Amino acid sequence: MRRKFAYVIGIVAVVAAGVAYTLASGNEPLLGLDLQGGASVVLEPTGPAEPEELEVAVEIIRNRVDGLGVAEPEISTQGGNILVQLPGVDEQQRALDLVGQTAELRFRPVLGVLPEESFTGDDVDEALLDAFALTEGDVAPEAEVVLPQYDDQRNIALRYILGPTAVTGDGLEGAVAQYQSFIGWHVAPTFISGAAGIDLFNEVSSRCHARIVECPSGQVAIELDNEVVSAPSVQADSVVFEPFERSSITISGGFSEQEARDIALVLDYGALPVELEAQQSQIVSASLGTDALSAGVVAGLIGLGLVSLYLLVYYRLLGLVAIASLGLSGAMLWTIIAWLGESQGLALTLAGVTGLIVAIGVSVDSNVVYFEHLREDVRSGRTLRSAVDRAFPVAFSTIVKADLASLIAAAVLYFLTVGQVRGFALYLGLATILDLVATYFFMGPIIGIISRHSGLYDNPSRFGIPVPAAPASQSHSHSQSQAQSQTGAAAGPEAAARQGAAS
């Protein structure tokens with residue numbers, strides 16, 4: 001009996017401490033994309049890609065997403081693709097555009113430039129059209145190209161004829177977005193030292209400053225992903241070229257703050273080792289995520305309410321114990337989910353909520369197995385007290401075997417599937433383990449303690465256990481004995497009279 005008291009007090013204390021810690025620390029479950037809104041995309045390489053290249057791409061994308069301030073993103077390889085899930089991100093399309101950029105940065109000399117208005121109208125020179133026809137597809141870095149520069153509405157503003165690449169993004173060390181009153185928002189790159197970085201940039205800048213044939217415009221264009229971001233003139237107000245320091249360069253182009261930060265973010269975290277394209281993308285609004293969460297919670301509460309009503313009606317006091325056991329399991333589960341969300345970034349998705357709702361049935365099954373063993377033993381003629389002590393070990397063995405089957409199924413789903421199915425498996429498995437803990441340390445001991453109470457011991461019906469009727473053979477023997485005693489009592493006076501006469 002002392003052990004049972006220790007088990008009950010111990011598990012209640014542990015659960016209470018866990019809930020208190022969760023509330024005090026402010027931990028709360030981290031909701032997934034489908035419960036709080038956000039964006040997701042599956043990125044597919046445009047050509048063959050090695051696993052090592054995909055892993056590098058995952059790290060670069062993760063760094064970019066961290067720079068966006070997205071809380072707990074999920075970025076992982078999925079077969080030969082990359083899955084990016086960004087829960088809670090406000091500007092979903094901007095985030096999706098940013099994570100998949102190849103960020104191929106090149107510095108090229110400007111050979112010629114014309115505004116887009118030069119290519120409208122009926123009297124456009126065909127030679128002009130041919131010379132400034134936009135370059136499409138992959139072009140070797142050493143080739144000349146014609147690339148556009150866009151305005152804020154993504155309309156072509158200018159067309160540039162650019163010479164061979166002089167410096168690539170590999171020569172960059174990093175970049176930051178800055179604001180100055182006379183320039184506005186701009187990007188300040190920092191080149192690496194030596195021949196592979198700042199020396200190459202100074203070489204092309206010197207040629208453009210001198211306006212030689214290879215750079216007659218005096219401009220160096222900054223090309224990012226086949227677009228001209230900016231094409232500044234090289235020290236136009238200086239007669240003599242002065243080499244740049246590796247961290248004293250400015251890329252300006254009338255950027256907004258967001259544009260400058262996006263460009264700096266992409267440059268700072270480098271180019272992807274493979275070119276990726278969006279295979280499948282999804283944007284979930286915050287209101288839709290809230291609706292999904294509300295629907296899941298309502299479904300869980302309705303299911304829990306119906307199950308609780310059934311337990312109370314059919315098992316009475318045992319049903320109340322079962323509800324308390326479910327409450328303990330739920331409190332432990334909430335504490336663990338909140339801790340995993342805060343410390344490990346594990347998000348609760350709609351599939352996970354489904355797993356938790358299914359786990360309610362697993363927990364109820366455990367209670368029903370024990371209760372039915374108990375009822376059978378009492379029907380067989382055992383007292384409630386002896387039935388409680390005998391039924392629990394047998395029932396718990398059955399419960400372990402049944403829950404083990406659920407755990408095996410959850411483990412197979414978790415390790416052999418991807419995405420939200422893993423969330424379902426994880427939370428189903430976790431809830432099943434906690435059900436075993438609550439059954440062994442709370443439900444079994446608390447029923448053993450309650451059954452010792454005299455009022456309940458004498459009234460098994462309060463446990464939802466019908467009082468067994470006396471067996472038919474026992475009733476027949478009792479009736480026969482009663483009849484014999486009545487016969488003996490009637491014959492007694494006559495026997496005494498005969499004995500007196502004989503005397």
Side-chain angles (χ1 to χ4, degrees), residues 46 101-172 175 183 186-187 189 191 196-238 241 243-244 249-255 259-260 262-263 266-267 271 275:
T46 57
Q101 282 188 18
T102 56
E104 190 169 10
L105 177 70
R106 294 190 176 108
F107 293 84
R108 294 175 179 267
V110 176
L111 305 180
V113 57
L114 280 177
E116 183 64 15
E117 289 81 1
S118 303
F119 302 92
T120 59
D122 298 331
D123 56 347
V124 179
D125 187 354
E126 292 294 334
L128 180 64
L129 287 176
D130 292 339
F132 283 85
L134 295 178
T135 302
E136 297 180 356
D138 296 330
V139 180
E142 61 273 10
E144 293 184 2
V145 294
V146 179
L147 299 178
Q149 184 175 26
Y150 293 96
D151 59 19
D152 294 340
Q153 286 73 41
R154 294 294 297 172
N155 296 317
I156 297 177
L158 299 170
R159 297 191 184 200
Y160 288 86
I161 299 179
L162 305 178
T165 301
V167 189
T168 67
D170 293 336
L172 276 182
I183 298 178
H186 61 278
V187 179
F191 284 84
I198 189 59
D199 290 351
L200 284 176
F201 183 78
N202 279 326
E203 181 182 345
V204 66
S205 298
S206 175
R207 286 190 275 119
C208 288
H209 182 270
R211 295 178 181 267
I212 63 175
V213 177
E214 290 82 1
C215 187
S217 66
Q219 296 172 275
V220 176
I222 296 99
E223 173 203 341
L224 182 65
D225 289 340
N226 298 323
E227 296 179 16
V228 175
V229 176
S230 178
S233 298
V234 179
Q235 298 178 357
D237 56 350
S238 175
F241 174 74
F244 293 99
I249 301 164
T250 298
I251 301 176
S252 60
F255 304 135
E259 290 171 338
D262 285 352
I263 293 172
V266 173
L267 299 182
E275 185 176 355

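It should be emphasised that the depicted structure is a prediction, and the values quoted were computed from it without experimental measurement.
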Which atom names give the shortest non-hydrogen contact between Gln149 and Val229, and what distance separates them? NE2-O, 3.2 Å

Is there side-chain contact between Leu158 and Val228, with at least one heavy-atom pair below 4.5 Å? no

Is any side-chain heavy atom of Leu114 closer than 4.5 Å to a side-chain heavy atom of Leu128? yes

Determine whether a donor-acceptor pair (N or O, by modelled atom type, separation under 3.5 Å) exists between the side chain of Ser206 and the backbone of Glu203. no

If every non-hydrogen atom of Pro109 is compared with every non-hydrogen atom of Cys208, which pair is closest and at what distance? CB-SG, 4.0 Å

For Ser230 and Phe255, which heavy atoms make the closest approach, and how far apart are they? CB-CZ, 4.5 Å

Arg211 side, atom CZ; Ser217 side, atom OG - distance, nearest 0.5 Å: 7.0 Å

Given side chains that start at C-beta, do those of Asp199 and Pro243 come closer than 4.5 Å, heavy atoms only? no

Fit a plane to each ring of Phe107 and Phe191, take the angle between them on a 0 to 90° scale, and name the class: parallel (under 30°), tilted (30 to 60°) or perpendicular (over 60°). tilted

Interatomic distance, Phe241 atom CZ to Arg207 atom CZ [nearest 0.5 angstrom]: 11.0 Å

Quick one: does Thr168's side chain get under 4.5 Å of Leu200's, heavy atoms only? no

Taking only residues two or more places apart in sequence, or in another chain, which ones meet Glu227 in a side-chain hydrogen bond (donor to acceptor under 3.5 Å, both in side chains)? Arg154

I would like to know whether Glu223 and Arg108 meet salt bridge (charged side-chain N to carboxylate O under 4.0 Å, His left out); could you show each step before the answer? CA-CA 7 Å; Glu223 173 203 341; Arg108 294 175 179 267; 2.6 Å; yes

All heavy atoms of Phe119 vs all of Arg159, minimum pair found to be CE1-CD, 3.6 Å

Testing the basics here: between Val110 and Ala231, what is the closest heavy-atom pair and its distance to 0.1 Å? CG2-CB, 4.2 Å

Could you state the interatomic distance from OG1 (Thr250) to CD1 (Ile183), rounded to the nearest 0.5 Å? 5.0 Å

When you measure from the side chain of Thr165 to the backbone of Pro141, do you find a donor-acceptor pair of N or O atoms at a distance under 3.5 Å? yes

Can you measure from CD (Gln219) to CG (Leu111) and round to the nearest 0.5 angstrom? 11.0 Å

pair Tyr150-Asn155: side-chain heavy atoms closer than 4.5 Å: no

Minimum side-chain heavy-atom gap Pro148-Leu134 below 4.5 Å: yes

I'd like to know whether Val234 forms a side chain to side chain contact (heavy atoms under 4.5 Å, CB included) with Val204, so could you lay out the CA-CA distance, the side-chain angles of the two residues, the decisive distance to 0.1 Å, and finally the verdict. CA-CA 10 Å; Val234 179; Val204 66; over 6 Å; no

Output the distance between atom CG (Leu147) and atom CD (Glu136), rounded to the nearest 0.5 Å. 11.0 Å

Looking only at heavy atoms, what is the nearest atom pair of Leu172 and Pro189, with distance? CD2-CB, 3.5 Å

